[in-house]
Asks: 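Below is a structure I'd like to ask you about.
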Amino acid sequence: MSSLQARVLYWFRTDLRLHDSPALHAALGLNPEVFYPIWTWDPQYVFAHRVGVNRLSFLLEGMQDLSLSLTACNPKTKLHVVRGPPQTVVPALCKAWNITHLVYEKDTAGYAAVRDAEVKASVTKAGVQVVDVLGHSLYDPQAIVDQNKGNPTMSISSWITASNKLPAPSRPLLPPPSLPPPGNTTLIPFSRKDHPVANGVDVNEDDRETVVTCYDTLAGRDGDFSIPTLEELGLPPATTSIRGGETEALKRLEAYCADKAQVARFAKPKTSPAEFDPPATTQLSPYLKFGCLGSREFLWRVRDTISQWIMDQNGNKNDDTTKHPENLEGQLLFREMYFAAECAVGLPFGQIRGNAICRFIDWRLQNQYDASGHRIHPRPLGDAEDEERFSAWQDGRTGFPWIDAIMRQLRQEGWIHHLARHSVACFLTRGQCYISWERGAEVFDKWLIDWDPCANAGNWMWLSCSAFFSMYYRVYGVKSFPEKFDKTGKLVRKFCPELAKFPDKFIYTPHLAPVDVQEKAGCIIGRDYPFPMLDKKVEKERCIQRVKAAYALGLYGNDAAVLNGSAVAKLKNADSPNATNREASEGGANHHRRKRQECHSKDGLPTKRTRADGTIKKYLVQK
DNA sequence: TTAACGTTGTTAAC
DNA sequence: GTTAACAACGTTAA
């Protein structure tokens, strides 16, 4: 056996699949004698990151399915789960297993990019070659940013203009027919103390029923690198009906595309957020998030299905196919737009402070920081009423059935329709509660299976009119909006069963039902279901005026006033009509243009920006 | 400078 | 069921 032959450590992270995997293709192209498929069970994900049981369950199922597929390619192999921080574990594995090449799919998002840079530097120093390959997204986010003159993509049209200058996405690669075996894995001279998992507070402690045992050893309870269980994570069973895995993803894609007309005529704004059995959309987002489904697989499958449909119609019905961004293909583009936006903005993308594209609005319960820029817990900027509104929103007990049903569906299923996300996000922020999008994003982070750091923060900024979107006077109604889709209140009856017996007329406004109707429905408002927690008309008007004032002030997350904490006071000063008018007459558009220019230096050289933690980060990497 | 456009609003009047 | 008024944002193309 030649010692020159490649020994590959393949690190699965954003790609729980074998199909459509450029990174896997690159790894096998090295013609390795041994091939170790690993997953690092990062303690950061379990202790320091809010993550609900449904997402963890989906992930574990995806890992199990992947492991079975790997074994089908070679009976000697499987997914090896190594428990510990990748920053120490991956270099240690490279050493122990005599690895020549570390291969993985590139993850360009904030924390992951920082983590990968550390791992890359460490193993490269030890003589291991790193092969990191793009594959999660259709386009390289950095390439999009470069094409967009170094700026974050702030609209889908700017993203499309940039993407048109780059090579179009290729067809998906096939899964490999076979895999090389892994080498010896049994004798690893590891000690847990070299890979410490204790790292601050366990933010998910409240959810656990027993202690976490999956980190007791690097290779798991039985020393066989087995996939952890929810029990080892100290968690109760999942509540979602959504099953994880590549097999399930491809099955769902197949099933959805069987109805060619449905694919060809898909129009997102027309799909109903009130449908849930089955949902009105593909519900493929969780699979795309974990890479159970490749983005090129989805893209080309959709394109091919539409071509077939047009042929079926003798080529006559071309006009009936929907165009982006409302068509199925268009749904991928927004994800790409957020990837690119985050790529240009950097780590502050998930918060207001330091975020160059995010407007400063004096939300209640927004993140608070000390003088040196460190996050302070708990958050002081709000009173008991704000906290209570936030809790009620989270728990689904606001007294607005449409909002409550969605929030309960979110918690139970880990997935809600895109327009349902609009409804509850608008309600929490600019529509009714005037609570920071940062709070809402955290809740989605915890409960959504398909949570993605870029898309989640991006959508919350969009819905709160902090970035990407600015028509803050368009507020989603809690009755009129759902009624457009479903006058019978199916979603409410399902997820707020106490309201199930109300007549259609009152399903979205049960507090308006006469007492005898409430009695007949077996649900007295104020006793069995809450009264509306706020006056929706009054709060809506108040929100619009406050956002208007914040727009007039024109501050962004990276302005000095936001960084030094004086922005709220400025907005209070500007609250008088005179001040507001004066600022407004200066013109928001000019101000915005100026802010955008600050994102990149005029000479095209890398610009340094101050991060939230006070350290300096390269804001842009220009070629 | 103006007009049209932007992933997906609401309400009242006809 | 369709349309206009509501109150009015920022970007882009003409």
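Per chain, numbering begins at 1; letters A, B, ... match sequence-line order.
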Asks: What is the distance, to the nearest angstrom, from the NZ atom on A:Lys484 to the P atom on C:dT2?
Replies: 14 Å
Asks: Kindly write out the residues that satisfy side chain to side chain donor-acceptor pair (under 3.5 Å) with A:Ser170, not counting sequence neighbours, or none if the list is empty.
Replies: none
Asks: Indicate, with a heavy-atom threshold strictly under 4.0 Å, whether A:Lys270 touches base, sugar-phosphate, or nothing.
Replies: nothing
Asks: To the nearest angstrom, how far is A:Phe469 atom CZ from C:dG10 atom P?
Replies: 12 Å
Asks: Only counting residues at least two apart or in another chain, list the ones meeting ring-ring contact (aromatic ring centres under 6.0 Å, His included) with A:Trp300.
Replies: none
Asks: Under 3.5 Å for both pairing distances: what stems, at least three Watson-Crick or G-U pairs long, include DNA chain B?
Replies: B:1-6 with C:9-14, B:9-14 with C:1-6
Asks: Taking the P atom in each of B:dT1 and C:dA7, what is the distance between them to the nearest angstrom?
Replies: 27 Å
Asks: Taking the same atom, P, in C:dA4 and in B:dA4, what whole-Å distance lies between them?
Replies: 14 Å
Asks: Can you list the residues that meet the side chain to side chain donor-acceptor pair (under 3.5 Å) rule with A:Gln283, with sequence neighbours excluded?
Replies: A:Arg252
Asks: Calculate the interatomic distance between A:Phe468 atom CZ and C:dT11 atom P; express it in whole Å.
Replies: 13 Å
Asks: Considering only heavy atoms, which members of residues 474-481 of chain A lie under 4.0 Å from some atom of DNA chain B?
Replies: A:Arg474, A:Val475, A:Tyr476, A:Gly477, A:Ser480, A:Phe481
Asks: Using chain A heavy atoms and a threshold of under 4.0 Å, write down where along DNA chain B the contacts begin and end, 5' to 3'.
Replies: B:dG6 to B:dT11
Asks: Base, sugar-phosphate, or nothing: which does A:His418 touch, judged by heavy atoms less than 4.0 Å apart?
Replies: base
Asks: Which residues pass the ring-ring contact (aromatic ring centres under 6.0 Å, His included) test with A:Phe298, sequence neighbours left out?
Replies: none
Asks: For A:Trp447, what residues pass the ring-ring contact (aromatic ring centres under 6.0 Å, His included) criterion, not counting sequence neighbours?
Replies: none
Asks: Tell me every residue that passes salt bridge (Lys or Arg N to Asp or Glu O under 4.0 Å) with A:Arg301, counting only those two or more places apart in sequence or in another chain.
Replies: A:Glu254
Asks: Looking for any heavy atom pair under 4.0 Å, which part of the strands does A:Tyr473 touch: base, sugar-phosphate only, or nothing?
Replies: base
Asks: Take the protein atom NZ of A:Lys548 and the nucleotide atom P of C:dC6, then report the distance between them rounded to whole Å.
Replies: 15 Å
Asks: Only pairs under 3.5 Å count here: list side-chain donor-acceptor contacts from residues 468-480 of chain A, not counting sequence neighbours, and write none if there are none.
Replies:
| unit_1 | atom_1 | unit_2 | atom_2 | d |
| --- | --- | --- | --- | --- |
| A:Tyr476 | OH | A:His422 | ND1 | 2.7 |
| A:Lys479 | NZ | A:Glu483 | OE2 | 3.3 |

Asks: Partners of A:Tyr256 by ring-ring contact (aromatic ring centres under 6.0 Å, His included), sequence neighbours excluded?
Replies: none
Asks: Is the shortest side-chain heavy-atom distance between A:Val492 and A:Tyr508 below 4.5 Å?
Replies: yes
Asks: What integer distance in Å separates A:Asn148:CG from C:dT12:C1'?
Replies: 14 Å
Asks: Who are the side chain to side chain contact (heavy atoms under 4.5 Å, CB included) partners of A:Gln331, not counting sequence neighbours?
Replies: A:Phe266, A:Lys268
Asks: Checking salt bridge (Lys or Arg N to Asp or Glu O under 4.0 Å) against A:Arg493, which of A:Asp277, A:Asp486, A:Asp504 comes through?
Replies: A:Asp504
